Each structure stands twice: as C-alpha cells, then as structure tokens.
Number of protein chains: 2
Amino acid sequence: MKTISENRCFGGVQGVYSHASDACACDMTFGLYLPPQAQDGPVPVLWYLSGLTCTHENAMVKAGAQAHAARHGIAVVFPDTSPRGPGVADDAAYDLGQGAGFYVNATEAPWAPHFRMWDYVATELPQVLTAAFPIAAERQAITGHSMGGHGALTLAMGLPGQYRSVSAFAPICNPTAADWGRKQLNAYLGADETAWAPHDATLMMRAQGLDAPLLIDTGNADQFGDHLRTEALAQAIAERRQAATIRLQKGYDHSYFFVSTFMGDHVAFHADALRA
Amino acid sequence: MKTISENRCFGGVQGVYSHASDACACDMTFGLYLPPQAQDGPVPVLWYLSGLTCTHENAMVKAGAQAHAARHGIAVVFPDTSPRGPGVADDAAYDLGQGAGFYVNATEAPWAPHFRMWDYVATELPQVLTAAFPIAAERQAITGHSMGGHGALTLAMGLPGQYRSVSAFAPICNPTAADWGRKQLNAYLGADETAWAPHDATLMMRAQGLDAPLLIDTGNADQFGDHLRTEALAQAIAERRQAATIRLQKGYDHSYFFVSTFMGDHVAFHADALRA
C-alpha cells in the first residue's frame, strides 16, 4: 500500500492511499478518514460510495463528512467508483466504464477482467482496511450518493449482516427500469435481465427486504429524478412494511450542496447503529 | 447580473453570479451563500477571500462554511481572486496574474487596466450585493485563506470601520519580506517599496493596528510556513498589545482540510461581532 497524501482534519487524518487490487486487477486508490478516536483503538467505519464520474476524491473534499465523523468517532472510507488506468476498458460516455462501475462484477467483454467493484467493496477493501488501519471489521455501515446510493442499497441487501445500518443520498433506486441502469447492466452483465435483479434495490426490497435501519434522502427538485425512480423504491418499502425513513427534501437538487446539507443526519444515524 | 447557478444548501441558497465589473473592466464571477434567515430580511455578510490559483468556487465547495453560516444567519460571499478572461493580462506562473490578484490596485503595465481587486472587494462588490440581495451593508466581516488572509487583514486595516471582525486562515502575513509577495508587489505596484507598505499586514499592524476583533489560525505543519511569515505578524501584534487570538494549530497544513476544520470557530467568532 502506498500513501498518496495525509492531511490533518478535524483532529484526525484524511488519507489517500493506493494498492494493487486483486479484485479489479489494477491499482486502486481510496480515501480514508480516521477520526481522532482511532488513536486509542479500532473505530467503526462508514462506507461512502460515490456517484457517476466521481473518483475517491469528490466526496472526500465536498461532502463535509469529516466534521461529523470526528464528532462520532467513526472512520469514513471513500472508494473509487471503478477500476482505472490505461489497461482498463473504458467508454466515451460519462455513464459507462471508468467512473461508472455500478458496483457489480462484470461478466461481459470488455469489462469482465477489471470491473469487479462488488467484490472490491464487499470483500477486498474491507480486508485491506482492517489489516492496515485501526478499523473495527465487525462494525461497518454504508451510504452513498446516486450510483453510490444504488451500491449502498444493493450491497446491504445482497450481504445481510455485513452492515449495521444503511443510508443513501438520491440513490438510483430501480436501475432495471431507468436510463441510469439498463444500459450499464446490459453492458456489464449481459442481456439476460435475471442477472440484473440482484443489482436493483427496488427488486431486492420486494424480494427480500433489509435487516438493518434504513434512511434515504432525495431532493424533490432533483434534476435526475426520472433516472432515480425513488417512487418505485418508496412503493416497495411501503408494500413490504420495511422499517425505513424516506425523506423528499424540499427544494434540493442532486449536488453536493444537497449531500453536505444532510450529511450530519446520516452520520448521526449510522453512529446510533454502530454504537448499539 | 447573470445567475450562473443556484443550489439549495442548508436551508438557504448557494448561488453563483456574474456581472460586468467597472473596477476590473471585465466580467467577474462570485459565489454568494444566503442563509435561510435571508428570507425574512437583510442578513450580515462575511467575506471569504481565497488564495492563489483559486476561483470563486474552491472555498464554496470545499470549506464547509454554509453549515455554520446557516446556523448563525450570516451570508458568505466568495469573490474571485483576480480579473479573468482572454483580454486580461496573465503570467505562466501560478502566483502572478489571473488567480493571483493579491487584493491590490495595480499601477504597473500590463496589470493596471484590470487588476484592481482592492477596489472590487472594498467598494464595487459590496454595492452590487446590497443592491441585489438581502444583505445588511452596515454589518460586514471578513476572512480569507493564504493570499486571501492577506487580503482580509490588509483590507480591514486599510478601511477602518468597514468590517466588524477580521479573521484569517494561514494568511500571508508579511509579503514585503516573502517569496509570496515581493515578486507580486513589484509586478503590480512597481519597484518603490513605499507603495507596498499598505499591503503588508505586519507593517500595517506596526503602523496603525486594527480596531476590530481578530482571529488567526495557521497550521504548525503548514508546508508554506516560510512564505507566510506568521512570526512577523505575531511579533507585531504582541508589540502593539493588539487584542487578537493567534492559534498555531498542531499538525495542520495549508489545505482546505485545515480550513474546514476551523471554519466553525471562525464563523462563530464573526457571528458574535455581527450580532453585537
């Protein structure tokens, strides 16, 4: 593992590190915020999965998570959103290929050799983190924004017991029925839509639900509302009588100004679950 | 005035606007955060002056000021750091020309026609703001980072009574004696160093002091510490018995991770003075 940078931040350390990833078969970069409490021993960790076009860096510098993480004594990890590099497949579109991994294990050419973000986030990076940093492996929570909200919801439902709490900011809720989803799931997983179902939060909610506290915030002025299909997940949650809080926030759009506004609520929500 | 963007943020609005500037003889862009309290009438305003290479945008998305401004009911304005555009003089160096206005009125070629950031921040932009937004003109405070900290300190001492409180993050304290200063003051103001003195916080502190509360935070691990010359200003403040708080923050560097960590303290400090 290589240290790219470390900056003191709210009494802790905001680090950026790279490592050779087995899952993605390339070097991967991630951000990790360790709160001051990490000096005294392992701390819980909140995963923050980012959206389309983002790297590890966007949320790390724009979402304002560190202030709240320091207050609650929680680490926050900011993975990249895809494999990257000259040997990694890509597409000219902003919403496919590098920067758009969609948190799946691709099975189709040319994506399959590197685009294994599900395994990377679910299995490999947790091991890397707990081996190198004072992170309490048994106390994980997960959140994310947009495509990363999709990742948080689907990973949490696909890996019952791994995360103590789950939240999302403006998540892509129903990718099998949306422009943000059908194209990518077809490209990464092939035309057989049965392979898509384990990567659609609405379908997973209908089929199995979630055994963890759930908080979702989406702006009611989100310019990508049609792509998110919040209504589909809200209906599935209500039909299932799933314990959850879904908030449509008045006047907010899809930006980091929205994310940062509600970050304090989300970190506090996860802190409650992680302390329990 | 043209609206570039408006995003809901912490119950208020983070806007970006451009306008034709008389002072700089070009279009200028600025960010303005209006807190929710601005819906009920004019609110106090905090100026945030940014550092070398920054535009209006960097602090607006990275410094985390909006959360605190919303809590205290204060607007925050983020001016650009220089005139810009194809007709505006520039230099290949990052620390001269566009992005490096140093908050002076240039008198030398090729800078004099546009590089009048002192007048822009001191006079023109306040008038633009109070004419177009619910800003209380008589309740202003000022802060800034690095070159912007230099701007905040020198504007406040050069315009007694204009700002009710003054703070700075890692300010350039003594530019007439530092690599961040001598080159630029020479370029913008000419070789006669008597013209530089009204743009050096340490010299101004020695000569006249400041009739307002003053807070300075600088990391003791700041990688540009030699350029800042905090020691010169600290000495001048102590010699003058100027009421001030100077904090050397353990382990912090020059980044926005440092700025955001202490932003809450600075906004609260200004809120005390603006409410008084």
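In this text, all values refer to a predicted model and were calculated from it rather than measured experimentally. Sequence lines set the chain letters: A, B, ... in the order given, protein chains first and strands last, and positions in each chain run from 1.
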Handout entry: Minimum side-chain heavy-atom gap A/Ile74-A/Pro35 below 4.5 Å
Key = no
Practice task
Check whether any side-chain heavy atom of A/Phe102 lies under 4.5 Å from a side-chain heavy atom of A/Leu96, and answer yes or no.
Solution key: no
Practice task
Applying side chain to side chain donor-acceptor pair (under 3.5 Å), name anything that partners B/Gln249, two or more places apart in sequence or on another chain.
Solution key: B/Asp217
Problem - chain B neighbours within residues 250-274 of chain A, where any heavy atom lies under 4.5 Å away - result: A/Lys250, A/Gly251, A/Tyr252, A/Asp253, A/Ser255, A/Phe257, A/Phe258, A/Ser260, A/Thr261
Exercise for the section: Report, by ascending residue number, the residues of residues 43-56 of chain A in heavy-atom contact with chain B at a distance under 4.5 Å; give 'none' if the set is empty. Expected result: none
Spacing of [atom1] belonging to [X] relative to [atom2] belonging to [Y], to within rounding of 0.5 Å:
X        : Y        : atom1 : atom2 : result
A/Leu34  : A/Gln66  : CG    : CD    : 11.5 Å
B/Ser167 : B/Leu214 : OG    : CG    : 8.0 Å
B/Thr245 : B/Ile237 : OG1   : CD1   : 9.5 Å

Exercise for the section: Check whether the ring centres of B/Tyr120 and B/Phe30 lie less than 6.0 Å apart, and answer yes or no. Expected result: no
Problem - Which atom of A/Ser82 lies closest to which atom of A/Ala100, heavy atoms considered - result: CB-N, 4.0 Å
Exercise for the section: Only pairs at least two apart or in different chains count here, so list each side chain to side chain donor-acceptor pair (under 3.5 Å) that has a residue in residues 30-43 of chain A. Expected result: none
